[in-house]
Asker: 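For reference, the structure I am asking about is given below.
Heavy atoms only: backbone and side chains are in, while hydrogens, waters and symmetry mates are out. Model, not experiment: these values are computed from the prediction.
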Amino acid sequence: MHQLYTINMFKKYIRPLLAGLVVLLTIAVFVYYISRHHEIIEQLKHMPLGTAAILLGMYVIFMACLTWIQRATLELCEVKLGRTESALLVSYSSIINFFGPLQSGPAFRAAYLKRKHNANLKQYAVATLLYYGFFALFSLLFIGTYLIGVWALLLVVLAVGLSPLLLKNPRVLQLVPAKFHSLKLQSVGQLAVATLAQVCTVAVIYYIELNAVGDKVAAIPTLIYTGAANSALFVSITPGAIGFREAFIVFTQHLHHITNSQIIAANILDRSIYIIFMALLALLVFGLHANNYLSATRSISEKK
């Protein structure tokens with residue numbers, strides 16, 4: 001009983017306080033570092049608007065990957081959503097995950113699916129954990145590119161990309177033990193491909209940002225940087241992994257050799273673009289809902 005009380009106290013009071021302190025500390029470190037390195041602001045000032053537009057476009061692709069991941073996850077739970085509903089659910093949960101407390105997007109998504117579609121939460125939890133497993137695996141592979149090389153990583157990418165097609169082949173399925181046939185292997189393959197697409201999209205975003213704010217960065221350092229940044233999401237208690245992501249990237253600096261000033265500048269750029277994207281997404285989503293509400297109200301008035 002005492003242990004349960006302690007856990008509830010941590011979730012309700014201590015964890016939000018720690019998250020707030022980490023965010024404030026990160027902002028303080030950013031401000032201090034920038035005050036000593038004015039070239040960072042100069043780099044951001046001279047960044048072409050075309051680069052910002054490309055990054056916003058990349059985040060649209062990122063959202064498409066999340067929608068694909070959600071569809072594959074729900075196939076494992078035998079839940080079907082329409083395209084519009086699926087896109088709106090991903091949008092809402094992403095907005096809540098970034099602006100809301102303690103990355104609460106997944107909890108909102110689970111509550112919605114249970115209430116609206118009577119989803120089996122145990123199945124959904126297992127499918128979500130499977131997604132996190134793929135996400136962690138690909139992130140670790142990205143970090144390990146300094147050992148295995150790009151070509152080995154490309155072979156893994158090719159194998160994952162072909163997995164949904166291979167799992168449709170009866171000859172391949174014969175090689176899989178019968179006890180695994182009930183796991184909806186094609187959906188698992190789709191989830192793996194969608195997760196890999198998400199991680200690769202993030203790598204492209206980071207590649208553009210790093211090269212926009214400093215010296216040329218090659219593919220392997222960018223992949224290591226991406227893997228480190230992704231790994232921070234598993235221990236973060238702050239919105240958008242603020243503070244944790246930067247710490248993980250700096251801790252792996254001996255692997256990617258990207259300078260602190262370039263890391264700070266790229267993260268400031270990334271946070272700025274993502275906040276703009278989330279704000280635009282919120283305006284779009286809430287605007288569409290307001291329009292639907294007004295249309296419904298107008299229809300009711302005409303009937304009266």
Asker: Compile the donor-acceptor pairs under 3.5 Å between side chains in residues 223-231 and protein atoms, sequence neighbours left out, one pair per line.
Answerer:
unit_1, atom_1, unit_2, atom_2, d
Tyr225, OH, Asn267, ND2, 3.2
Thr226, OG1, Thr222, O, 2.8
Asn230, ND2, Ser139, OG, 3.3
Asn230, ND2, Thr226, O, 3.4
Ser231, OG, Gly227, O, 2.8

Asker: Take a 6.0 Å sphere around CG of Leu283 and say whether it holds more than 12 heavy atoms from other residues, nucleotides or ligands.
Answerer: yes
Asker: So, do Leu269 and Leu55 sit near enough that their side-chain heavy atoms are less than 4.5 Å apart?
Answerer: yes
Asker: Sequence neighbours left out, what passes ring pair (Phe, Tyr, Trp, His ring centres under 6.0 Å) with Phe277? Give chain and number order.
Answerer: Tyr59
Asker: Just say parallel, tilted or perpendicular for the rings of Phe62 and Tyr274, cut-offs at 30° and 60°.
Answerer: perpendicular
Asker: Supply the atom-to-atom distance Leu49 CG to Leu56 CG, rounded to the nearest 0.5 angstrom.
Answerer: 10.5 Å
Asker: Do the non-hydrogen side-chain atoms of Met278 and Ile275 ever get within less than 4.5 Å of each other?
Answerer: no
Asker: Are the side chains of Ile264 and Ile268 in touch, meaning some heavy atoms are under 4.5 Å apart?
Answerer: yes
Asker: Could you grab the distance from atom CG of Leu66 to atom CE of Met63, nearest 0.5 Å is fine?
Answerer: 5.5 Å
Asker: Ala110: what forms a side chain to side chain contact (heavy atoms under 4.5 Å, CB included) with it, not counting sequence neighbours?
Answerer: Leu121, Tyr124
Asker: Is there side-chain contact between Leu113 and Leu89, with at least one heavy-atom pair below 4.5 Å?
Answerer: yes
Asker: What pair of heavy atoms forms the shortest contact from Ile273 to Ala52, and how long is it?
Answerer: CD1-CB, 3.8 Å
Asker: Consider only side-chain heavy atoms of I, L, V, M, F, W and Y, link residues closer than 4.5 Å, and tell whether Leu74 and Val126 are in one cluster.
Answerer: no
Asker: Could you pull out all residues at least two apart from Gln253 that satisfy side chain to side chain contact (heavy atoms under 4.5 Å, CB included)?
Answerer: His256, Asn260, Ile263
Asker: Identify all side-chain donor-acceptor contacts of residues 196-209 below 3.5 Å with residues at least two apart in sequence or on another chain.
Answerer:
unit_1, atom_1, unit_2, atom_2, d
Gln198, OE1, Tyr131, OH, 2.9
Gln198, NE2, Tyr131, OH, 3.3
Thr201, OG1, Ala197, O, 2.7
Tyr206, OH, Arg245, NH1, 3.2
Tyr207, OH, Lys216, NZ, 2.9

Asker: To the nearest 0.5 Å, what is the distance between CD1 (Ile69) and CD (Gln190)?
Answerer: 11.5 Å
Asker: Between Thr128 and Arg109, does a side chain to side chain contact (heavy atoms under 4.5 Å, CB included) hold up when you go through it step by step?
Answerer: CA-CA 11 Å; Thr128 302; Arg109 194 159 53 242; 5.7 Å; no
Asker: Side-chain polar contacts of residues 79-87 - donor-acceptor pairs under 3.5 angstrom, sequence neighbours left out - could you list them?
Answerer:
unit_1, atom_1, unit_2, atom_2, d
Glu85, OE2, Tyr112, OH, 2.5
Glu85, OE2, His117, NE2, 2.7
Ser86, OG, Gln70, NE2, 2.8

Asker: Determine whether Leu210 and Gln262 make a side-chain contact, defined as any pair of heavy atoms from C-beta on separated by less than 4.5 Å.
Answerer: yes
Asker: Would you mind reporting whether Leu233 and Phe248 have side-chain heavy atoms less than 4.5 Å apart?
Answerer: no
Asker: Rounded to the nearest 0.5 Å, what separation is found between the CG atom of Leu129 and the CZ atom of Phe135?
Answerer: 14.5 Å
Asker: In this structure, would Ile258 and Phe251 fall into the same cluster of hydrophobic residues linked by side-chain contacts under 4.5 Å?
Answerer: no
